[in-house]
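Quick notes on the structure that follows.
Scope of the values below: all heavy atoms of this structure, side chains included, with no hydrogens, waters or symmetry mates. In what follows, chains carry the letters A, B, and so on, assigned in the order in which the sequence lines appear, proteins first and then strands, with residues in each chain numbered from 1.
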Amino acid sequence: MTTAIAAKSQVRTAMNPRRYLGDSWRHPITRAVVKAFLTIWVTTTLTFLLIRLMPGSPVELKIDELIQTSNGSLSYEEAKAIASSLFAINLNAPIHEQYLSFIWNLLHLDIGSSFLSSGTSVTSIILSVLPWTLFSVGTGLLLSFVVGIGLGLLAAYRRDSLLDRVVSTGGSLVSSIPNYLIALMMILFLGVQTHIINFTSMRGAYTPGMQPGFTLAFIGDLFYHASLPITIYFLTQIGHWILSMRSATLSALEEDYVTAARARGLSDGRIRTAYVGRNAVLPLVTQLAISVGFIVGGAAIIEQIFAYQGVGLRLLAAVTQRDYPVIQGIVMLTTIAVVVANLAADLLYSKLDPRIGRAGGAAG
Amino acid sequence: MTTAILARPTFGQRLLGMWLSAGGFLRLLSQRPVGLLGFIGIVFFLLLAFVAPLFVPFQNDPSLVDIYQTPSAAHPLGTDFQGKDVLNQIVFGGRDILTVAILAALVSTAIAITFGSIAAVVGGKVDSTILAITDVVLTLPKLILLIAVAAILRPTGFLFLAVLLGALQWSSLLRQIRSQVLSLKERDYVEAARSLDLGIVHIVFREILPTMRSYIAIHFIFAMTEAMYAQVFIVILGLVPVSGSNWGIMLYFAQGQGALYFRDSIWYILSPILAISLVQLSLVSFASALEDIFNPRLRGSA
Amino acid sequence: MNALIELDHVSRTFTTPAGVITAVDSVSLALGQGEAMCLVGESGCGKTTTGRLLTGLLRPSGGRLLYEGKDVWLTKGADLARFRRAVQLVHQDPYASLNPTRTVFQTLSAPLFRHKKASSQRQALSAVTELLQRVDLSPPENFIAKYPHQLSGGQRQRVAIARALTVDPKVIVADEAVSMVDVSIRISLLNLLLALAKEFGVTIVLITHDLAVARYFAARGRIGVMYLGRMVELADTEALVTDPAHPYSAALIAAIPEADPDITRSKTRVELRSAEIPSLLRLPPGCSFHPRCPLAEAGLCDVLVPELLPIPGSREVACHVAVRERTGQRAAVTV
Amino acid sequence: MPVLSVRDLSIDYITRKGPVHAVRDVSFELEKSETLAIIGESGSGKTTLAVGLIRLSPRGTKVTKGEILYTKDGLTTDVRKLDDDDLREYRWAEAAMVFQAALNSFNPVITIWEQFLDTARAHGMKDRQKVRDRADELLDLVHLDAKRVLPAFPHELSGGMKQRVLIALSLMLEPQLVILDEPTTALDILTQRSIIDLLKQLRERLGFSMIFISHDLSIAAELADRMITMYAGRVVEEANVEDMFYRPRHPYSVGLLRAVPRVSGALGNVASIPGSPPDLMRLPVGCSYAPRCPYAIDACRAADPPLVPVDTPKHEAACIRWKHVAEVLGSNAEVPVAEKLA
């Protein structure tokens, strides 16, 4: 009887295949990549369904419009064929076939062409505007992240001082006012009433006629035009970073490894960066990823107010012109851009925090 | 002290308990001036939006004679591009917006609480699916989706708009509620309640939820600010059919009619901006004061 | 004497990201009414999991949990509820075992109302007062309306014990119930539990890593020593303390620092072959103590998993060498 | 001259309801290569005192009075008067404090090697190879494999290993004084034993003086040469180990010794101290132990009893009725208190 027990225990500890598969699945990087693809797939399907299945679907509207403009010379079938090429899907086929061909085209980056300037592909339209939004949002966000972390750290180190109160209350109040209202107020007070800033000269992403290239003048001009949107994106998130960093630093300061580091005579500078700073900033990296989606989403109104040719402005134009392939394209590509940013933040986080990077560890 | 003794206080005692704790709460709030200002701001705007319209006559007759008049005794905030009184529009402009904000916040908080607690309590497959969906929605650029959906569906009624906004906002709150319930579920006193066979109703409503009450209240207020932001966002962009008048629509017309660029039309565009900003400021400062009061770690030593 | 509650070859496994671990491996333990015994062992030995298995809060992966002779996990409805109430748990951390938002009265009256032991406020008040006196929290009026943060660690544990008593339990599992309380008041808490066993016939299992506390509490009872999920020795306290049979028990008793300079500085140590504690993921074959055991015999201890076998003096030990030396029998080999 | 001489040290916690006297007029001395145990329970102020010795008191605390005289090679300085740079040098080069392994004393996001390097660099050891050799040597001293420990992250080490690495790190600059906060709490019995033996071995080889604070009397019995028992922020008794264990003169020491059961030898009449630990916010007038003391008389409730020498050499107790305590205990034999009171 005892030998049976011994044999059984051997088997249990032998290598069990599921465990190996289990390990790779749990690894944070694989999970982040899968999550990214899942998001993209959900968005594409969502927009696909939106365009087709909603009552008074834009596809039907387009077909009627085609028939009317051709005052009857086009039959329903012909109009449908044109519409289907515009939408990059074959309308006759049943829904699931349409969906499959839609996805197939998407994989070849062919997402139909614009209604208005038929012939110019949606991708080319988007690629001409998306970089400006990513540039302005990216700069504004990174600036607010870096400045916010600095101020948050400072406010925590000087807890309950005047500086702490001003920075935290001020930050949270600025970030609670909707950013488009701040934009309007900037135009009102700095432009119209006092002419401090000449808004008209800042319209558009860069001064027309400038020779695009990596010259200092051109880059300077880019920043000149994008300065207002960047300021707004900066103000939108700055309060959030200050408050999160302040509370993360306060809890890090109470940790035992900070007292232990002081007991070992480490310099304040070293403790502030490698011990308090690095641990406090960890949770903020994941929040950075989430805030990208929010800011990009809100860019549309900021770009409209400042007449800055980003993807948001182009989306609004497409909406008013009911140019559905462009709407569909913008929604998908912006989501992909945001998802890629999130993936980068997830990977950065698993590298920064070893407890997640190396699943398992020696102690078992 | 009395309610502390009674396990099942009658309605009267419960009211007494709330009154005593309300007094205590105000005392705690008064130690945080910014929070108190926020609380006063909220009460003021709720009265302005839901009570003032009962007393102030609604003026809707345009008179082209006095377009963009600067503030005067007759028109404390001047008039708009149709000569209508701006103050009157501000008084009547709050109700729609606040209703939609409250409804949207209710929708998103309700989704977050139900699915968050289900994911935490049930666990296993259900938990991982809910979590996967939440993670996906969390990273979506929601406002871009909102623009597309609003453009195509053309939401008109309050309820439809509120549900739409609510349906886009629940993801981060759901994750937080799930982790809260998960941590509370593991607590020793919940395990004791299970072994005393007190029943799931007692465990959820007497052991877990009471500790989360303040947490949910705070995040309900934050959800309102998000709903306000998104609602005014799509109204200004003109994506929602314009009906009636509210602060967002005032801004839409102000922008459309070039009020932004005339020197003396400043009051017409500034009034809704200030109204909306003050509501948001009050909500945020009050909510952060609540967070400070109910978060034991920040409250310092007893 | 048929046991009130019994673990019959009970096992429990957990799936962790790093793989499947066997926290408890076919443990058998029979407890009579009013018995006060201790489960002792280092962290990771499975004593806490065994405690949870006893209370029925954790379902075993193998073996049976018997209460009054019936397999608990086969019963349904009323029987299961009756069993669930008959076995109560007292937790380790006094600061987490009481709901911070409920007063002492609310915590204690909830089970009374739920199980119809009190139908009106007045009845609940008098029942709670009597419970508080029974756990030496007097005068009760000082404690009834208090919130947990207004009580000391010791007072909170007494409220936790009072809460367990609200359902007249037959068995109390105290999981390290005294280890987070001040040293100077631990004995009074242990005496309270002992009084419950003597006067009310409640069976008490104290789980602790502190052998000195175990020796005091189970002075007239038994101690079970666990190692990496298995029961390695089960014996009357004085016998185990003065003459430990299993080499692991001997190593523990020799290693413990004593609160007396002369005794503790003159103790003879048991040199172990390695200080490395094997991980539950990769258990050594045969007896899991063999890599560290000074008595380990190659070919025997590292192949055969020893069973808990009786040896003279109403004791049981799971060690081939100990059984052989104390009974003269060859190890039960059926190759 | 003693390595460390603390005179009338008092430390307060500043709270909204006024100052709380966590440490009150504590004085003691520590000779070269001597080991002092500071024993106390919750609210005794032992951790506040220990952290105060290297001026690491947390926010919201204030050292109100007292001196901390540290002597090295005949030169005595008051730690309280050191400026920031000298204080930073004092910490670790002269007095190294080792915290409980259970608490996370290591920065979780950087490797053990980086934390060795940080400590070395903070004290002027720039040469990486020299630091590496020193780290290997120290880890060898505590029976750990440097190749496995140095590249690891803190969460990859067990409690026992972390405690050993902390001890190794504390010896990097050969400090004259090592202060340990609950060195063996939350460790298993066998690991605890290995840490105690390690500390004995290192003390023999390196000759540093050691102060450790704990609530566990058996660690004091194992390691200490002299002992202090603290209650409600004050030293209530100071004595050699044998005097404290077999001839205690303060009722609290007697109560504490009697409340701890033993595995070997007779159990004796083990009993708890009635009542509950002191609330530092509302301390009674006079002796703070009076409410729980079986020998208390009215005089005890009048004023705080000072530390007075008792009938054995270098042995002081803060109790006006210590003679009565000696009578109650009866013999001065080397027999545990619980048996004397059986």
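Both the backbone and the side chain of B/V232 come within contact range of chain A, each with at least one heavy atom under 4.5 Å from a heavy atom of that chain. Only the side chain of A/V338 has a heavy atom closer than 4.5 Å to any heavy atom of chain B. With a 4.5 Å cut-off on non-hydrogen atoms, B/V279 does not touch chain A at all. With a 4.5 Å cut-off on non-hydrogen atoms, B/L146 does not touch chain A at all. B/L145 touches chain A through its side chain: at least one heavy atom from C-beta onward sits under 4.5 Å away, while N, CA, C and O do not. Contacts of A/I327 with chain B are made by side-chain atoms alone, with heavy-atom separations under 4.5 Å and no backbone atom involved. Contacts between B/L283 and chain A at a heavy-atom distance below 4.5 Å are absent for every atom of the residue. Of the atoms belonging to B/S277, heavy atoms from both backbone and side chain fall under 4.5 Å from chain A. The contact between A/F189 and chain B is made entirely by side chain atoms (from C-beta outward), counting heavy-atom distances below 4.5 Å.
Summarising the geometry, atom CG belonging to B/D135 is positioned 9.5 Å from atom CG belonging to A/L38; distances are rounded to the nearest 0.5 Å. With rounding to the nearest 0.5 angstrom, the OG1 atom of A/T169 is 12.5 Å from the CZ atom of B/R32. Separation of atoms CG (B/L281) and CD1 (A/I177) is listed at 4.5 Å; rounding is to 0.5 Å. The distance from the CD1 atom of B/I236 to the CG atom of A/L184 is 6.0 Å, given to the nearest 0.5 Å.
The residue among B/I273, B/V284, B/V137, B/V149 with the most heavy atom pairs within less than 4.5 Å of chain A is B/I273. Of all the listed residues (B/L270, B/L239, B/L138, B/L237), the one sharing the greatest number of non-hydrogen pairs under 4.5 Å with chain A is B/L237. Counting heavy-atom pairs closer than 4.5 Å to chain A, the top-ranked of the candidates B/T225, B/I266, B/I276, B/L278 is B/I266. Contacts with chain B were tallied for A/I290, A/I295, A/V339; A/I290 has the most, counting heavy-atom pairs under 4.5 Å. The most heavy-atom pairs under 4.5 Å with chain B, out of A/I330, A/I301, A/V319, come from A/I301. Between chain B and the options A/L188, A/V296, A/I305, A/I182, the largest number of non-hydrogen pairs under 4.5 Å is found for A/L188.
Within a 6.0 Å radius of CZ in B/F222, more than 12 heavy atoms belonging to other residues, nucleotides or ligands are found. Within 6.0 Å of CZ in B/F160 there are more than 12 heavy atoms belonging to other residues, nucleotides or ligands. Within a 6.0 Å sphere centred on CZ of B/F220, other residues, nucleotides and ligands contribute more than 12 heavy atoms.
Counting heavy atoms from C-beta outward, A/P178 and B/M228 have side chains that stay 4.5 Å or more apart. Considering only heavy atoms from C-beta on, A/V42 stays 4.5 Å or farther from B/I133 through its side chain.
The shortest non-hydrogen separation linking A/Y180 to B/Y229 is OH-O, 2.7 Å. Closest approach of B/S285 and A/L173 over heavy atoms only: CB-CD2, 4.5 Å. Minimum heavy-atom separation, B/Q280 to A/S176: CB-O, 3.5 Å. Of all the heavy atoms in A/A300 and B/F233, the pair that sits closest is CB-CZ, 4.3 Å.
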Test B/I144 against A/T335 for side-chain contact (heavy atoms from CB on, under 4.5 Å), laying out the working first. CA-CA 9 Å; B/I144 293 262; A/T335 309; 5.9 Å; no
